[in-house]
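These numbers come from the heavy atoms of this one structure, side chains and all, not from hydrogens, waters or symmetry mates.
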Amino acid sequence: MISSLKLKNKDNHKQLPSNRKKRTLFIILISIIFLVIVILGGVLIDEGRIVTNLNDRNAPPSLDHLFGTDWLGRDMFTRTLMGLSLSIGVGLIGAIGSASIALFLGMAAATMGKMADRLISWLIDLFLSVPHLVTLILIAFTLGGGFKGIVIGLALTHWPSLARVIRAEVMQVRSAEYVQVSQKMGKSQWWIALHHILPHIAPQLLIGFMLLFPHVILHEAAVTFLGLGLSPHEPAIGIILSESMKYLSSGMWWLAFFPGLCLLIIVRTFDQIGENIRLLIDPNRAQD
Amino acid sequence: MRKYIGGKLGLFLLLKGLRMATLLFAICLISFLLIKNSPIDPIQAYIGADMLKVGPEQREKIAEYWGVDQPVMVQFLNWGSALLTGDLGTSMIFRRPVIDIIGERFLNSLALMISAWVLSGMIGFAMGVVAAMKKGTWIDRIIKWYCFTLASTPTFWMGLLILIVFAVWLKWFPFGMGVPAGVLAENVTMVDRINHLILPAITLSIVGVANVALHTRQKLIDVLASDYVLFARARGEQGFVLFWRHGLRNVALPAITLQFAAFSELFGGAVLTEQVFSYPGLGQATVEAGLRGDVPLLLGLVIFSTIFVFVGNLLADLSYRLLDPRMREGRRYDFKPQIKK
């Protein structure tokens, strides 16, 4: 009995990475490789595949056209792939913008005294009190839509929750003993912020950034879908889906199904990476 | 004791009201300034296709009539004072007072949002409870996987899928719109309206389930790990009875609070769902206003959605103040509604 159990363990050891840490790293690696393939695919793919080809219109999915073709005979697989890399790009810029705002305001709230703290808390409340999508529509409207409008809108709407987390973290580090000692030893505020606080909140920032990503991508697709985001000439997922609405009643389900599914998979992958990084570096969650 | 509570509640409401007033004022100011700086010329948007028929003199007259030629702050004060008397201006695309449109559309949206809210709350709660009671089994894993996947699902895509399956393939329900096409307004029956409501409501509730389910699951797992549940188990209670006696009241409250606090996401979801199903609600009006440059309507909707979210948060605060006996006794109870990142 016991020997058979041991044997089983050995088998597992060979097939899968053994402990939780290795497994988590493994998942992260696979997800990242997958994303890189998608991005490279979107950038490098032959543009010729999306030229209008009226002979091949409205074809359902086949081996030749994995996701079928649309009413102009464009290959949906190519369009989807290009749309995905575009979405990831927009999401990246938006998420970086949001994370920087969150980092700056979170640090400022925690270190610059009571008034700054109150002001920033109020600002966070302000942004949380209007539905995200309405704020996005408002900003996109103000900037006249397009790439600039959507990126600025995304950066301006996603920071509040992360700023709160960072503020709480900085507060906690600031009252730690080693920071107090540093202060007593005459180190400047900047030195402390750079050498004590920043390294401490870096993991939180990374996790927050990764978890921000899916939301940013989804909101980008949503606003583009509503017609206030990227221009209709771009091959964005939101554009593809809103165009497909006209053809749904004639039963062309593949126009909407595959691009949306791909978006879902990409978003889920980012979420996966974020959650797994959190499992790796957050000691409180490590036992989950 | 009772009076003391009433006083505390009054103070709480007063502070909340003050906070709301400052936030609302700031939102009015910011959105006004934002829209003033937008590249869309309100006169151009108003004239639209009649561009060739309207000369420069007429344009000036329109500008003067609307007061667009005055300084920005004067315009804001004019608009603000009109706002305080309840006048939100006239919508350009509907050519009717904004307040009427919002009122009418809100009734439509309210029907959608309430049904989705109740449905998603109940289903999510049940899923969370089942997952926590069966923690670690395959059913728990399925529910968890399902919820995480849902959180990454684009709402509008879910709407499209449901539209394809139920309206195009199965033909069970009509294809979008709030009322049947080609029927006079007075001939529309209640059944028609409900028929058009079902698909959007289902979409909205399917997507809204994830948050409540995961939160309830976590809370119930915490409760099940507590000493009193250990004791109850030692006495032989198990399964549904155990949950009914010890779990339900402890996890129902956070779920209700969370559900109220999610009004903001509900509104966002409603915007997308209404757009997919061409359902004539507030969300669709917001998109229309944004696309066609209807400034008064857009401003009115921003303010209205803010009030809507605020009411949700207020109800969340009040619900656990009023329903939780521990809060009534004035003891400290540090629970805050979890805010989704």
Side-chain angles (χ1 to χ4, degrees), chain A residues 122-123 125-126 128-145 158 160-162 164-165 208 211-212 214-215 217-219 221-222 225-228 237-238 241-242 244-245 248-253 256-257 259-261 263-272 275, chain B residues 19-20 22-24 26-27 30-31 33-40 148-149 151-158 160-161 163-165 167-169 175-176 263-272 275-276 283 286-287 289-291 293 295 298-299 301-302 305-306 308-310 313 339-341:
Chain A
W122 184 80
L123 210 60
D125 277 359
L126 185 73
L128 286 179
S129 63
V130 189
H132 265 171
L133 210 57
V134 176
T135 322
L136 273 172
I137 291 176
L138 188 68
I139 294 176
F141 173 76
T142 304
L143 297 170
H158 287 79
S161 41
L162 184 58
R164 267 193 188 155
V165 174
L211 293 180
L212 216 64
H215 285 262
I217 294 182
L218 281 184
H219 274 129
F225 174 76
L226 294 177
L228 287 151
I237 297 287
L241 287 180
S242 75
S244 78
M245 274 183 65
L248 283 188
S249 52
S250 51
M252 292 163 66
W253 53 273
F257 180 73
L261 187 68
L263 185 67
L264 168 65
I265 292 172
I266 293 291
V267 171
R268 188 78 165 81
T269 311
F270 272 112
D271 212 34
Q272 236 356 304
E275 286 293 336
Chain B
R19 196 170 183 80
M20 177 66 196
T22 59
L23 285 179
L24 207 55
I27 282 168
I30 292 172
S31 40
L33 290 179
L34 274 178
I35 282 183
K36 272 292 140 203
N37 286 319
S38 91
I40 293 179
F148 279 127
T149 308
S152 327
T153 309
T155 315
F156 50 99
W157 181 64
M158 187 54 98
L160 288 176
L161 281 193
L163 205 59
I164 294 173
V165 173
V168 179
W169 288 353
F175 195 83
F263 266 29
S264 161
E265 273 161 47
L266 187 68
F267 195 92
V271 171
L272 292 168
Q275 185 69 12
V276 172
T286 315
V287 177
L291 282 178
V295 172
L298 191 58
L299 282 175
L301 283 165
V302 169
S305 63
T306 311
F308 182 72
V309 171
F310 175 76
N313 285 335
I339 286 150
K340 215 175 144 193
K341 256 184 244 134

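Using a 4.5 Å cut-off between heavy atoms, L264(A) contacts chain B through both its backbone and its side chain. For F308(B), no part lies under 4.5 angstrom from a heavy atom of chain A. Proximity to chain B is limited to the side chain of D271(A), based on heavy atoms less than 4.5 angstrom apart. Both the backbone and the side chain of L23(B) come within contact range of chain A, each with at least one heavy atom under 4.5 Å from a heavy atom of that chain. Heavy atoms closer than 4.5 Å to chain B are found nowhere in T135(A), neither backbone nor side chain. Contacts of L266(B) with chain A are absent, with no heavy-atom separation under 4.5 Å from either backbone or side chain. Of the atoms belonging to L34(B), heavy atoms from both backbone and side chain fall under 4.5 Å from chain A. In this structure, chain B has a heavy atom under 4.5 Å from the side chain of F225(A), while its backbone stays farther away.
Under the 4.5 Å side-chain criterion, counting only non-hydrogen atoms from C-beta, R268(A) is not in contact with T153(B). With a 4.5 Å cut-off on side-chain heavy atoms, F263(B) and F310(B) do not count as touching. In this structure, the side chains of L211(A) and L162(A) stay at 4.5 Å or more apart for every pair of heavy atoms.
Interface check for chain B: of the options L226(A), V130(A), I137(A), the most heavy-atom pairs under 4.5 Å are formed by L226(A). Taking I266(A), L138(A), L136(A), L263(A) one by one and counting their heavy-atom pairs under 4.5 Å with chain B, the maximum is reached by L138(A). Looking only at heavy-atom pairs under 4.5 Å with chain A, the residue among N313(B), L301(B), V287(B), T286(B) that has the most is V287(B). Options T22(B), L161(B), T149(B) differ in how many heavy-atom pairs under 4.5 Å they form with chain A, and the most are formed by T149(B). Heavy-atom pairs under 4.5 Å with chain B were tallied for A221(A), G227(A), P160(A), P214(A); the largest tally goes to A221(A). Contact tally against chain A (heavy-atom pairs below 4.5 Å) for G283(B), A26(B), P154(B): the top residue is P154(B).
Listed here is the closest heavy atom pair of V267(A) and S152(B): CG1-CB, 3.3 Å. Shortest non-hydrogen contact noted between S264(B) and P131(A) is OG-CA, 3.5 Å.
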Would L128(A) and R164(A) count as a side chain to side chain contact (heavy atoms under 4.5 Å, CB included) if you check the C-alpha gap in whole Å, the side-chain angles of each, and the deciding distance to 0.1 Å? CA-CA 12 Å; L128(A) 286 179; R164(A) 267 193 188 155; 3.8 Å; yes
Could you go through L241(A) and L160(B), starting from their C-alpha distance and side-chain angles, then the distance that decides it, and tell me whether this counts as side chain to side chain contact (heavy atoms under 4.5 Å, CB included)? CA-CA 9 Å; L241(A) 287 180; L160(B) 288 176; 4.0 Å; yes
Steps toward side chain to side chain contact (heavy atoms under 4.5 Å, CB included) verdict (W157(B), L261(A)): CA-CA 8 Å; W157(B) 181 64; L261(A) 187 68; 3.8 Å; yes
Dump the intermediate steps for side chain to side chain donor-acceptor pair (under 3.5 Å) on H215(A) and H132(A), then the final yes or no. CA-CA 11 Å; H215(A) 285 262; H132(A) 265 171; over 6 Å; no
